[in-house]
Amino acid sequence: MSHCNQSIYPSCNPAEMCDTAASLQLRADRLTLQLNNTRDRLFAEIDRLKLANETLHAAVSCARIFLWATDKDGRLTLAAGKRLENFGLKPGESVGDSIFAVYSQPDILENIAQVLAGNDRTWNAQEGHFIHEIRSTALRDANGEVVGAVGVSTDITESEKSIATLETANQQLEDRLQQQTAVCNAALADSEKKYRNLVETSQELIWSIDIQGLLTFVNSAAKRIYGYEPPEMIGRRFSEFLYPEQKTRQIEIFAQILGRTSTQSQTPSSPYETVHIRKDGTPVHLRLNSIVNQAENGAILGLCGTATDISARLRSEEALQEATDQLRAVLDAVPGLISWVSSDLRYIGVNQHLATSFKQSPESFVGQEINFLDKGSNFGQLIRNFFDSSSQQTWQEIDIEINRCVRNYLIVCQKYNQGTAAVSVGIDITDRKRAEAQKTKLIASLQESECKFRSLYEATSDAVMLLDEQQFFDCNPATLAIFGCSNKAQFYGKKQSEFSPLFQPSGQDSCSLATQRISAAMQTGSCRFDWVHKRIDGSEFPAEVLLNAMEINGRKVIQAVVRDITDRKLDEDRIKASLAEKEVLLKEIHHRVKNNLQVISSLLKLQSRYIQDSRVSEMLKDSQNRVRSMALVHEQLYQSKDLSNIDFAEYIQNLAYNLFQAYEIHAEGVKLQANIAPCAMNIDTAVPCGLIINELVTNSLKYAFKGKTKGQIKINFTLDNNGLCVLTVSDSGIGFPQNLDHRNARTLGLRLVGSLVKQIRGKIELLETAGTTFKITFSKPKLPFYDQNNVN
């Protein structure tokens, strides 16, 4: 020991020792003074932070939420917010209690365990009559370790009740729809049964063929007309039943009908007569009607139609042809249906017009009963009653079926030859009758439409009114209620300007703006917009307005539909105010965090001025830069409109600029090249990335260019379509030491880089290049849906 003392103080004497002690005492006093000053400043900062914390607690206590925080054991360290009363709690009385005593649901344990494991969770919980939405996230210390959980509980009772009500209404609508569907299906089955009975009992042949010409259906009339049972004909070609001389003509007719396109209107073809062959080989004369059979998509499936056996009628026409030749010349010159009838109710003769109307020859009527063409015609009864009466003349309007078309005639009859015969003249008044019937039907339809419209018009809760260029002239009861009128007299005759304030919220004059809207509706047919209206009592309310141009009795008018949206506007205003309040609060938090970090950075800078050891001073500078890189994030969030994401390119540029300023001695002659792809990062990713760049750029500035006067540092960042981020930091310096493993380095900077890369779940590589190049790859965290909409 004495040897050591001699080596340290080889020439000490008492006088020199006194001087040395005095000098040490002076230095000790000076350091004590500096420490006291630093302590006073720290205490002052602590008091200021306490005041800020109390202010923040007061703001949270006023919010309509329940804000809580726990430690790792689930004990409450914070319980604040106006919604505490939903849980029967008072501010501060539950701090220290378990979170499981506040929420009694079984799943609270699992959710809190997931949060303490580092996962964000959102779930719903019901306490008594209240339903809450709980959003929770892990609370971490400076090292990123989970030290507890923090959560926000929001009352969603009313919204849940609304959803339940909508679900009940939806179920009721589904039940009603099922009931109506069952009724419709039953009606359809009944209609199909009636249709099948009608088809099977029809005296006419009903048939259908496919596009290959094969019969796919015939009704029971086939037995009477052809002598075949329906199953014997189905599946055979229709041409097998054609008379040889008629085959070519009918095949051409069918081909012409099938050749129509699906876009053409499919109306029945003109009826035509042809000759077919019965089962016994005898001919049968038929009158055919046919139409194209189409699928719902317009595809042509074949033909269908009807066939009437006209063999008996043709035979009668041939027998009467000779007897009517003598009257043809006279009858052909007279328009109208003229006939001569004997007292035995048989035709003596008819004119050409009557025969043509029935597509018969005049001779075919002679000797026939007056209603031989239509057994159910009223003409026969008219003539029978006329001959039974003593009247010499009569007239009556009757319906006559001509070629399957019922027409209305005015029949005038006059007896002659001492009452044994009579002449009748039929004047076609079908068009006049149809016009009268259509007019009556149209009037009834208009009255029905008016009744339906009036019911809807009166029952709707929206205000519906009619106005012309001058004033309102009609409205529904809801209009009077919305505008505060006690009767229609207070509304009719008023101008639209009397129900609007002088100016709209946009500052435009209501009268001129309303004129523009009405003009737009007149030109385009309709116009929809928001408007502020005024009631009779002067109170104003917001509304949604729909203007429709319409024509009444040749006069153009406007139908206005007004919907009061006061409640909707109030809800929108409350939501906007709440969002604005939260944004201001969050910005203030970022601002305060940024200020606190800047204070810490300034304290480190002040402290470094009193430290003589360059190594310790350099460590403080490194710490100061790390704090500043974190402060930059909060500064950008405070200045940004988007409080959840950071412009990564701008952040890296500012960070690199600050580093070059901090190490201006080392950065002399060194150029920075930054190629940062446009990208938005959340704070959880941006802070670790900033610290990584801070460490790597600092190492390059301090060690890479020793012995060099010039150099370059590059920072590159790319983002591919799959969300993979690649961050590269390189320099053109002397290169990374060969004997140093960056993954197991003992220096704080490289160990911090490795820890931060793990935090963002990335991978770091040291590339073999001329200088030093570090490549970090990681996946970009997915942004919430509302944030993704804001990312360009």
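The residues of the chain are indexed from 1 along the displayed sequence.
When side chains are defined from C-beta on, Phe238 does not count as touching Trp207, because their heavy atoms never get closer than 4.5 Å. Between Cys413 and Ile383 the shortest side-chain heavy-atom distance falls below 4.5 Å. Residues Val218 and Tyr228 are not in side-chain contact: their nearest non-hydrogen atoms beyond the backbone lie 4.5 Å or more apart. Residues Gln559 and Val464 are in side-chain contact: their nearest non-hydrogen atoms beyond the backbone lie under 4.5 Å apart. Residues His276 and Leu242 meet the side-chain proximity criterion, which asks for heavy atoms closer than 4.5 Å. Counting heavy atoms from C-beta on, the side chains of Phe529 and Leu546 never come closer than 4.5 Å. Counting only heavy atoms from C-beta outward, the side chains of Gln396 and Phe386 never approach each other to under 4.5 Å. The shortest distance between side-chain heavy atoms of Ile291 and Cys304 falls below 4.5 Å.
Judged by distance alone, with hydrogens and angles left aside, the side-chain atoms of Ser526 form no donor-acceptor pair with the main-chain N or O of Leu547 at under 3.5 Å. No donor-acceptor distance shorter than 3.5 angstrom exists from the side chain of Gln414 to the backbone of Ala422, with no hydrogens or angles considered. A donor-acceptor pair is defined here as one N or O able to donate and one able to accept, closer than 3.5 Å; such a pair exists between the side chain of Thr356 and the backbone of Gln352. Not a single donor-acceptor pair under 3.5 Å links the side chain of Asp474 to the backbone N or O of Leu466. Checked by atom type and distance alone, the side chain of Asp175 never pairs as donor or acceptor with a backbone atom of Gln178 at under 3.5 Å. The backbone N or O of Ser391 lies less than 3.5 Å from a partner atom in the side chain of Lys415, making a donor-acceptor pair. Although no hydrogens or angles enter the test, the distance criterion places no donor-acceptor pair under 3.5 Å between the side chain of Ser539 and the main chain of Arg535. Listed for the Asn476 side chain is a donor-acceptor partner under 3.5 Å among the backbone atoms of Asp462.
Enclosure of atom OH in Tyr243 is not indicated, since only 12 or fewer non-hydrogen atoms of other residues, nucleotides or ligands lie within 6.0 angstrom. Atom CZ of Arg517 has more than 12 heavy atoms from other residues, nucleotides or ligands within 6.0 Å.
Minimum heavy-atom separation, Ser311 to His285: OG-N, 3.0 Å. Counting all heavy atoms, side chain and backbone alike, Ala514 lies closest to Trp531 at N-CH2, 3.7 Å. For the residue pair Tyr226 and Ile277, the shortest heavy atom distance occurs at CD2-O, 3.7 Å. Thr566 and Phe541 get closest at one heavy-atom pair: OG1-CB, 3.7 Å. The two residues Cys527 and Ala520 make their nearest non-hydrogen contact at SG-CB, 4.5 Å. Heavy-atom minimum distance, Ile225 versus Leu205: CD1-CB, 3.6 Å.
Relative orientation of the Tyr347 and Phe379 rings is parallel, given thresholds of 30° and 60° on the angle between their planes.
A distance of 12.0 Å separates OG1 in Thr430 from CD1 in Ile427, rounded to the nearest 0.5 Å. Between the NE2 atom in His533 and the CD atom in Gln504 there is a gap of 8.0 Å [rounded to 0.5 Å]. To the nearest 0.5 Å, the span separating CZ on Phe217 from CD1 on Ile234 amounts to 7.0 Å. One distance of note links CD1 of Ile370 with CD1 of Ile348; it measures 11.5 Å at 0.5 Å rounding. With values rounded to the nearest 0.5 angstrom, Phe365 atom CZ is found 5.0 Å from Leu354 atom CG. Note that SG of Cys485 is 6.5 Å distant from NZ of Lys494, once rounded to the nearest 0.5 Å.
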Could you walk me through whether Thr420 and Ser343 satisfy the side chain to side chain donor-acceptor pair (under 3.5 Å) test, starting with their C-alpha distance in whole Å, then the side-chain angles of each, then the deciding distance to 0.1 Å, before giving a yes or no? CA-CA 5 Å; Thr420 60; Ser343 57; 5.8 Å; no
Apply side chain to side chain contact (heavy atoms under 4.5 Å, CB included) to residues Phe241 and Arg236 and explain how you reach the verdict. CA-CA 9 Å; Phe241 304 96; Arg236 297 173 62 179; 3.8 Å; yes
Show the numbers, then the answer: is there a side chain to side chain contact (heavy atoms under 4.5 Å, CB included) between His353 and Leu337? CA-CA 6 Å; His353 182 76; Leu337 304 181; 3.8 Å; yes
Applying side chain to side chain contact (heavy atoms under 4.5 Å, CB included), run through Phe499 and Ile536 and close with a yes or a no. CA-CA 7 Å; Phe499 294 99; Ile536 287 292; 3.9 Å; yes
Stepwise, does the side chain to side chain contact (heavy atoms under 4.5 Å, CB included) test hold for Asn548 with Ile558? CA-CA 6 Å; Asn548 291 312; Ile558 290 291; over 6 Å; no
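Identified under the salt bridge (Lys or Arg N to Asp or Glu O under 4.0 Å) test for residues 303-313, with sequence neighbours left out: Glu273-Arg313, Arg313-Glu317.
Side-chain atoms of Thr216 and Ser208 include a donor-acceptor pair closer than 3.5 Å. In summary, the side chains of Arg384 and Gln381 do present a donor paired with an acceptor at a separation below 3.5 Å, with no hydrogens or angles considered.
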